[in-house]
Amino acid sequence: GTTALYAEDDFMMIDKNEVLARAIEIDPIAGEYIALSVIERISFDMIEKKMACKGERIPISRSNFYRRKRKLLHALNEETQ
């Protein structure tokens, strides 16, 4: 389905599958978590807490997570121009 995303001042309509596909291109291992963060508008810490409950960890550092998230938002913004 299509979801409204708020990214870097632009209010965009973006397909969730598109977000996920792009995120996985940017990071095959942690892409799904980066996509989740963008789609659900939740932070690294929130995702980490949810995963910790299941005894799991995000396979990426916080700084790399946000670096790749910025890259993803930038890529998505380029597409909507």
Side-chain angles (χ1 to χ4, degrees):
T2 301
T3 302
L5 289 184
Y6 189 77
E8 295 170 357
D9 306 330
D10 285 319
F11 201 76
M12 318 180 292
M13 294 303 286
I14 286 274
D15 189 290
K16 286 181 182 183
N17 297 328
E18 173 73 15
V19 175
L20 185 59
R22 276 306 185 101
I24 287 168
E25 264 174 42
I26 291 168
D27 190 315
I29 296 167
E32 60 178 304
Y33 304 109
I34 298 164
L36 183 70
S37 171
V38 171
I39 294 163
E40 302 288 335
R41 297 195 183 86
I42 57 178
S43 67
F44 177 89
D45 297 308
M46 298 264 295
I47 297 170
E48 201 170 47
K49 274 193 189 118
K50 282 184 182 179
M51 290 184 68
C53 294
K54 297 186 285 184
E56 294 169 19
R57 297 193 51 163
I58 302 179
I60 189 174
S61 71
R62 178 189 272 100
S63 57
N64 280 334
F65 178 90
Y66 284 111
R67 194 171 295 133
R68 302 217 167 95
K69 185 175 175 178
R70 277 194 303 275
K71 195 171 170 184
L72 173 62
L73 291 174
H74 183 72
L76 295 170
N77 277 335
E78 296 284 288
E79 268 173 32
T80 56
Q81 299 303 303

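The CE atom of Met46 sits 6.0 Å away from the NZ atom of Lys50 when rounded to the nearest 0.5 Å. Taking OG of Ser37 as the start and CZ of Arg68 as the end, the distance is 14.0 Å to the nearest 0.5 Å. Atom CD in Glu40 sits 9.0 Å away from atom CD1 in Ile47 (nearest 0.5 Å). In this structure, Asp15 CG and Arg22 CZ are separated by 12.5 Å, a value rounded to the nearest 0.5 Å. In this structure, CD1 in Ile58 is found 9.0 Å from CG in Leu36, a value given to the nearest 0.5 Å. Rounded to the nearest 0.5 Å, atoms CZ (Arg70) and CD1 (Ile34) are 11.5 Å apart.
A single hydrophobic cluster is not seen to contain both Val19 and Ile24; linkage of ILVMFWY side chains at heavy-atom distances under 4.5 Å, directly or through other members, places them apart. When hydrophobic clusters are built by joining Ile, Leu, Val, Met, Phe, Trp and Tyr residues whose side-chain heavy atoms come closer than 4.5 Å, directly or via intermediates, Ile26 is grouped together with Ile60. Leu72 and Ile39 end up in the same hydrophobic cluster when Ile, Leu, Val, Met, Phe, Trp and Tyr side chains are linked at under 4.5 Å. Residues Met51 and Val38 fall within the same hydrophobic cluster, defined by Ile, Leu, Val, Met, Phe, Trp and Tyr side chains chained together at heavy-atom separations under 4.5 Å. In the hydrophobic cluster analysis, where Ile, Leu, Val, Met, Phe, Trp and Tyr join through side-chain heavy atoms closer than 4.5 angstrom, Leu20 is grouped apart from Ile42.
Side-chain atoms of Tyr66 come within 3.5 Å of backbone N or O of Phe44 as a donor-acceptor pair.
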Given the rule in the side-chain contact (heavy atoms from CB on, under 4.5 Å) test, do Asp45 and Glu48 qualify, once you have shown the distances and angles that lead to the verdict? CA-CA 5 Å; Asp45 297 308; Glu48 201 170 47; 4.2 Å; yes
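Considering only heavy atoms from C-beta on, Ser43 stays 4.5 Å or farther from Phe65 through its side chain.
Nearest heavy-atom pair across Ala35 and Ala23 is CB-CB, 3.8 Å.
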